[in-house]
Peer 1: 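Have a look at this one.
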Protein chains: 2
Amino acid sequence: MIAATPDPPYTAVIFTSVRRGGDEDGYGELASAMEALVAEQPGYLGHESARDALGITVSYWRSEADARAWKQVAAHLAAQQRGREDLYAAYRVRVARVEREYGSDTRDGGDQHH
Amino acid sequence: MIAATPDPPYTAVIFTSVRRGGDEDGYGELASAMEALVAEQPGYLGHESARDALGITVSYWRSEADARAWKQVAAHLAAQQRGREDLYAAYRVRVARVEREYGSDTRDGGDQHH
(Lines give C-alpha, C1' and ligand atoms only; values in the text may rest on other atoms or scores of the structure.)
Protein backbone atom coordinates (compact mmCIF):
# COMPACT_ATOMS: atom_id res chain seq x y z
CA MET A 1 0.00 0.00 0.00
CA ILE A 2 3.04 2.24 0.27
CA ALA A 3 3.88 2.98 -3.36
CA ALA A 4 7.13 1.44 -4.63
CA THR A 5 8.39 4.58 -6.33
CA PRO A 6 11.75 4.77 -8.12
CA ASP A 7 14.65 6.97 -7.09
CA PRO A 8 13.77 10.68 -7.27
CA PRO A 9 13.21 12.95 -9.02
CA TYR A 10 9.62 12.28 -10.00
CA THR A 11 6.30 14.11 -9.66
CA ALA A 12 3.76 13.85 -6.83
CA VAL A 13 0.19 15.11 -7.08
CA ILE A 14 -1.26 15.66 -3.60
CA PHE A 15 -5.06 15.73 -3.67
CA THR A 16 -6.69 16.73 -0.38
CA SER A 17 -10.47 16.80 -0.03
CA VAL A 18 -13.38 17.20 2.36
CA ARG A 19 -16.40 15.26 1.19
CA ARG A 20 -20.00 16.31 1.28
CA GLY A 21 -22.26 13.79 2.99
CA GLY A 22 -24.40 11.28 1.13
CA ASP A 23 -24.11 9.08 -1.95
CA GLU A 24 -21.60 6.62 -0.50
CA ASP A 25 -22.28 4.12 -3.26
CA GLY A 26 -21.87 6.61 -6.07
CA TYR A 27 -18.64 7.88 -4.54
CA GLY A 28 -17.23 4.40 -4.06
CA GLU A 29 -18.01 3.37 -7.63
CA LEU A 30 -16.43 6.48 -9.11
CA ALA A 31 -13.35 6.16 -6.89
CA SER A 32 -12.88 2.51 -7.87
CA ALA A 33 -13.25 3.30 -11.55
CA MET A 34 -10.67 6.09 -11.32
CA GLU A 35 -8.25 3.86 -9.35
CA ALA A 36 -8.41 1.27 -12.13
CA LEU A 37 -8.03 3.86 -14.87
CA VAL A 38 -5.15 5.80 -13.33
CA ALA A 39 -3.03 2.66 -13.09
CA GLU A 40 -3.14 2.32 -16.89
CA GLN A 41 -1.81 5.81 -17.62
CA PRO A 42 1.62 6.44 -19.15
CA GLY A 43 4.14 7.46 -16.52
CA TYR A 44 2.02 6.31 -13.59
CA LEU A 45 4.28 5.15 -10.74
CA GLY A 46 1.77 4.37 -8.00
CA HIS A 47 -0.55 6.06 -5.55
CA GLU A 48 -1.41 6.14 -1.86
CA SER A 49 -4.75 7.01 -0.35
CA ALA A 50 -6.24 7.46 3.14
CA ARG A 51 -9.47 8.97 4.36
CA ASP A 52 -11.02 9.87 7.70
CA ALA A 53 -12.52 13.35 8.17
CA LEU A 54 -10.10 14.47 5.47
CA GLY A 55 -9.14 12.50 2.37
CA ILE A 56 -5.61 12.51 1.00
CA THR A 57 -4.59 10.79 -2.23
CA VAL A 58 -1.05 11.14 -3.51
CA SER A 59 -0.35 9.90 -7.03
CA TYR A 60 3.20 9.56 -8.34
CA TRP A 61 4.29 10.22 -11.92
CA ARG A 62 7.43 9.94 -14.00
CA SER A 63 7.06 13.59 -14.99
CA GLU A 64 4.79 16.58 -14.57
CA ALA A 65 3.75 16.15 -18.22
CA ASP A 66 2.46 12.65 -17.40
CA ALA A 67 0.48 14.04 -14.46
CA ARG A 68 -0.99 16.77 -16.67
CA ALA A 69 -1.98 14.21 -19.31
CA TRP A 70 -3.92 12.21 -16.70
CA LYS A 71 -5.75 15.37 -15.66
CA GLN A 72 -7.03 15.63 -19.27
CA VAL A 73 -8.21 12.02 -19.76
CA ALA A 74 -11.89 12.23 -20.68
CA ALA A 75 -13.30 9.92 -18.01
CA HIS A 76 -11.17 11.66 -15.44
CA LEU A 77 -12.40 15.08 -16.57
CA ALA A 78 -15.96 13.86 -16.02
CA ALA A 79 -15.03 12.56 -12.57
CA GLN A 80 -13.38 15.88 -11.70
CA GLN A 81 -16.55 17.73 -12.68
CA ARG A 82 -18.68 15.38 -10.59
CA GLY A 83 -16.27 15.91 -7.69
CA ARG A 84 -16.50 19.68 -7.91
CA GLU A 85 -20.27 19.74 -8.28
CA ASP A 86 -21.46 16.93 -6.03
CA LEU A 87 -18.84 15.15 -3.98
CA TYR A 88 -16.45 17.61 -2.40
CA ALA A 89 -17.18 20.48 -0.03
CA ALA A 90 -13.58 21.60 -0.54
CA TYR A 91 -10.48 20.25 -2.24
CA ARG A 92 -6.94 21.23 -3.07
CA VAL A 93 -4.48 19.86 -5.61
CA ARG A 94 -0.76 20.43 -5.22
CA VAL A 95 1.71 19.39 -7.88
CA ALA A 96 5.19 18.81 -6.50
CA ARG A 97 8.57 17.48 -7.55
CA VAL A 98 9.92 14.80 -5.20
CA GLU A 99 13.59 15.49 -4.62
CA ARG A 100 14.53 12.90 -2.00
CA GLU A 101 13.00 10.05 -0.11
CA TYR A 102 13.86 7.60 2.63
CA GLY A 103 12.12 5.17 4.94
CA SER A 104 11.96 1.62 6.17
CA ASP A 105 13.32 -0.95 3.74
CA THR A 106 10.07 -2.84 3.55
CA ARG A 107 7.14 -1.35 1.67
CA ASP A 108 3.81 -3.12 1.88
CA GLY A 109 5.61 -5.28 4.43
CA GLY A 110 7.14 -7.11 1.49
CA ASP A 111 9.40 -5.86 -1.31
CA GLN A 112 12.89 -4.72 -0.50
CA HIS A 113 13.81 -1.30 -1.85
CA HIS A 114 16.30 1.44 -1.13
CA MET B 1 -8.42 20.90 7.79
CA ILE B 2 -7.14 21.62 4.30
CA ALA B 3 -3.98 23.61 4.97
CA ALA B 4 -4.09 27.27 3.93
CA THR B 5 -0.72 27.29 2.20
CA PRO B 6 0.71 30.36 0.44
CA ASP B 7 1.41 30.60 -3.27
CA PRO B 8 4.05 28.08 -4.42
CA PRO B 9 6.88 27.36 -4.33
CA TYR B 10 7.17 25.78 -0.88
CA THR B 11 8.17 22.39 0.47
CA ALA B 12 5.91 19.40 1.19
CA VAL B 13 6.98 16.42 3.30
CA ILE B 14 4.80 13.40 2.51
CA PHE B 15 4.92 10.82 5.30
CA THR B 16 3.17 7.54 4.51
CA SER B 17 3.00 4.76 7.10
CA VAL B 18 1.52 1.39 7.95
CA ARG B 19 1.08 0.98 11.69
CA ARG B 20 1.73 -2.07 13.76
CA GLY B 21 -1.20 -3.10 15.90
CA GLY B 22 -1.52 -2.26 19.59
CA ASP B 23 -0.75 0.68 21.90
CA GLU B 24 -3.48 2.97 20.61
CA ASP B 25 -3.15 5.25 23.65
CA GLY B 26 0.61 5.58 23.34
CA TYR B 27 0.33 6.33 19.63
CA GLY B 28 -2.40 8.91 20.14
CA GLU B 29 -0.46 10.73 22.84
CA LEU B 30 2.71 10.84 20.79
CA ALA B 31 0.86 11.99 17.67
CA SER B 32 -0.90 14.77 19.60
CA ALA B 33 2.36 15.95 21.16
CA MET B 34 4.05 16.08 17.75
CA GLU B 35 1.09 17.92 16.19
CA ALA B 36 1.38 20.62 18.86
CA LEU B 37 5.16 20.83 18.54
CA VAL B 38 5.32 20.97 14.75
CA ALA B 39 3.00 23.98 14.64
CA GLU B 40 5.59 25.99 16.62
CA GLN B 41 8.46 25.36 14.22
CA PRO B 42 10.03 28.11 12.08
CA GLY B 43 8.76 27.94 8.52
CA TYR B 44 5.81 25.67 9.30
CA LEU B 45 2.92 26.41 6.93
CA GLY B 46 0.39 23.74 7.94
CA HIS B 47 -0.26 20.05 7.68
CA GLU B 48 -2.91 17.58 6.59
CA SER B 49 -3.43 14.08 7.92
CA ALA B 50 -5.69 11.09 7.22
CA ARG B 51 -5.55 7.48 8.29
CA ASP B 52 -7.39 4.29 7.47
CA ALA B 53 -5.39 1.15 6.61
CA LEU B 54 -2.66 3.53 5.49
CA GLY B 55 -1.68 6.79 7.19
CA ILE B 56 -0.70 9.86 5.20
CA THR B 57 0.51 13.09 6.77
CA VAL B 58 1.68 15.94 4.58
CA SER B 59 3.43 18.86 6.28
CA TYR B 60 4.14 22.08 4.43
CA TRP B 61 7.22 24.26 4.92
CA ARG B 62 8.54 27.57 3.70
CA SER B 63 11.76 25.85 2.59
CA GLU B 64 13.47 22.49 2.58
CA ALA B 65 15.87 23.85 5.22
CA ASP B 66 12.92 24.45 7.55
CA ALA B 67 11.69 20.88 6.96
CA ARG B 68 15.18 19.54 7.69
CA ALA B 69 15.39 21.56 10.90
CA TRP B 70 12.13 20.02 12.14
CA LYS B 71 13.52 16.56 11.44
CA GLN B 72 16.34 17.36 13.89
CA VAL B 73 14.28 18.76 16.79
CA ALA B 74 15.11 16.62 19.83
CA ALA B 75 11.59 15.59 20.82
CA HIS B 76 10.86 14.78 17.19
CA LEU B 77 14.02 12.66 16.90
CA ALA B 78 12.81 10.64 19.90
CA ALA B 79 9.38 10.25 18.29
CA GLN B 80 10.97 9.12 15.02
CA GLN B 81 12.98 6.47 16.87
CA ARG B 82 9.84 5.27 18.66
CA GLY B 83 8.06 5.15 15.31
CA ARG B 84 10.77 3.06 13.68
CA GLU B 85 11.10 0.67 16.61
CA ASP B 86 7.54 0.26 17.87
CA LEU B 87 4.82 1.97 15.88
CA TYR B 88 5.31 1.47 12.17
CA ALA B 89 5.51 -1.76 10.19
CA ALA B 90 6.64 0.32 7.21
CA TYR B 91 6.95 3.99 6.39
CA ARG B 92 8.20 6.28 3.65
CA VAL B 93 9.13 9.96 3.68
CA ARG B 94 9.20 11.98 0.48
CA VAL B 95 10.45 15.56 0.38
CA ALA B 96 9.03 17.53 -2.51
CA ARG B 97 8.87 21.05 -3.86
CA VAL B 98 5.34 22.23 -4.57
CA GLU B 99 5.36 24.05 -7.89
CA ARG B 100 1.68 24.78 -8.49
CA GLU B 101 -1.64 24.32 -6.78
CA TYR B 102 -5.32 24.85 -7.42
CA GLY B 103 -8.65 23.83 -5.97
CA SER B 104 -11.96 25.02 -4.63
CA ASP B 105 -11.96 28.53 -3.23
CA THR B 106 -13.07 27.41 0.19
CA ARG B 107 -10.70 25.54 2.45
CA ASP B 108 -12.03 24.06 5.67
CA GLY B 109 -15.40 25.07 4.26
CA GLY B 110 -14.64 28.55 5.54
CA ASP B 111 -11.77 30.87 4.66
CA GLN B 112 -11.59 32.31 1.18
CA HIS B 113 -8.24 31.85 -0.54
CA HIS B 114 -6.86 31.80 -4.04
Side-chain angles (χ1 to χ4, degrees), chain A residues 1-5 7-20 45-60 64 67-68 71 80 83-85 87-113, chain B residues 1-5 7-20 45-60 64 67-68 71 80 83-85 87-113:
Chain A
M1 299 177 49
I2 297 182
T5 41
D7 289 339
Y10 53 86
T11 293
V13 179
I14 306 162
F15 174 67
T16 309
S17 63
V18 178
R19 283 189 54 197
R20 299 186 199 282
L45 300 176
H47 77 274
E48 297 160 346
S49 195
R51 176 170 293 282
D52 45 34
L54 195 70
I56 305 177
T57 296
V58 189
S59 61
Y60 300 105
E64 188 180 354
R68 281 185 190 265
K71 186 168 190 293
Q80 290 170 63
R84 284 191 302 270
E85 293 177 356
L87 300 176
Y88 298 122
Y91 70 94
R92 204 79 197 155
V93 179
R94 295 176 175 96
V95 181
R97 182 175 175 84
V98 177
E99 293 171 340
R100 59 192 176 92
E101 71 169 281
Y102 58 91
S104 58
D105 283 343
T106 53
R107 304 188 204 182
D108 302 343
D111 290 349
Q112 297 290 322
H113 292 272
Chain B
M1 300 179 45
I2 297 181
T5 41
D7 288 340
Y10 54 86
T11 293
V13 179
I14 306 163
F15 174 66
T16 309
S17 62
V18 179
R19 284 189 54 196
R20 299 186 198 281
L45 299 176
H47 77 275
E48 296 160 347
S49 194
R51 175 170 292 283
D52 43 35
L54 195 71
I56 305 177
T57 296
V58 189
S59 60
Y60 300 105
E64 189 181 353
R68 281 185 191 266
K71 186 169 189 293
Q80 291 170 62
R84 285 192 301 269
E85 293 177 355
L87 300 176
Y88 297 122
Y91 69 95
R92 204 78 198 157
V93 179
R94 295 176 175 97
V95 182
R97 183 175 174 84
V98 178
E99 294 171 340
R100 58 191 176 94
E101 72 168 281
Y102 57 92
S104 58
D105 283 343
T106 53
R107 305 188 203 182
D108 302 343
D111 292 349
Q112 296 291 323
H113 292 274

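Remember, predicted model here, so these are calculated numbers, not experimental data. Each chain gets a letter, A, B and so on, in the order the sequences are listed, and its residues count up from 1.
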Peer 1: Under 4.5 Å from any heavy atom of chain A, what part of B/R84 do you find: side chain, backbone, both or neither?
Peer 2: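 Neither; nothing under 4.5 Å.
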Peer 1: Go through the steps for A/R51 and B/R51 under the test side chain to side chain contact (heavy atoms under 4.5 Å, CB included), then give the verdict.
Peer 2: CA-CA 6 Å; A/R51 176 170 293 282; B/R51 175 170 292 283; over 6 Å; no
Peer 1: At a heavy-atom distance under 4.5 Å, which candidate from B/R100, B/R97, B/E48 has the highest pair count against chain A?
Peer 2: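 Highest number of pairs under 4.5 Å: B/R100.
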Peer 1: Run the side chain to side chain contact (heavy atoms under 4.5 Å, CB included) check on A/L54 and B/I2 step by step: do they pass?
Peer 2: CA-CA 8 Å; A/L54 195 70; B/I2 297 181; 3.8 Å; yes
Peer 1: Tell me which of these, B/A12, B/P9, B/A96, B/P8, has more heavy-atom pairs under 4.5 Å with chain A than the rest.
Peer 2: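 The answer is B/A96.
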Peer 1: Identify which part of B/S49 has an atom lying under 4.5 Å from any heavy atom of chain A, answering side chain, backbone, both or neither.
Peer 2: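 Just its backbone gets close to chain A.
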Peer 1: Do B/I14 and A/I14 have side chains that approach each other closer than 4.5 Å (heavy atoms only, starting at C-beta)?
Peer 2: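 SC-SC contact between B/I14 and A/I14 confirmed.
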Peer 1: Verify whether one side chain among B/T5 and A/R94 offers a donor that lies under 3.5 Å from an acceptor in the other.
Peer 2: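 Result is yes, a qualifying pair exists.
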Peer 1: Give, as side chain, backbone, both or neither, the part of A/S17 having an atom under 4.5 angstrom from any heavy atom of chain B.
Peer 2: backbone
Peer 1: Please look at A/F15 and chain B and tell me whether the side chain, the backbone, both or neither of the residue comes under 4.5 angstrom of a heavy atom of that chain.
Peer 2: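 Nothing of A/F15, per the 4.5 Å heavy-atom cut-off to chain B.
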Peer 1: For chain A, which of B/G55, B/A50, B/A53 has the most heavy-atom pairs under 4.5 Å?
Peer 2: B/A50
Peer 1: Between B/I56, B/T11, B/V13, B/V58, which shows the greatest number of heavy-atom pairs under 4.5 Å with chain A?
Peer 2: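 Option with the top pair count is B/I56.
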Peer 1: Should the pair A/E101-B/R92 be classified as a salt bridge under the 4.0 Å nitrogen-to-oxygen rule?
Peer 2: yes
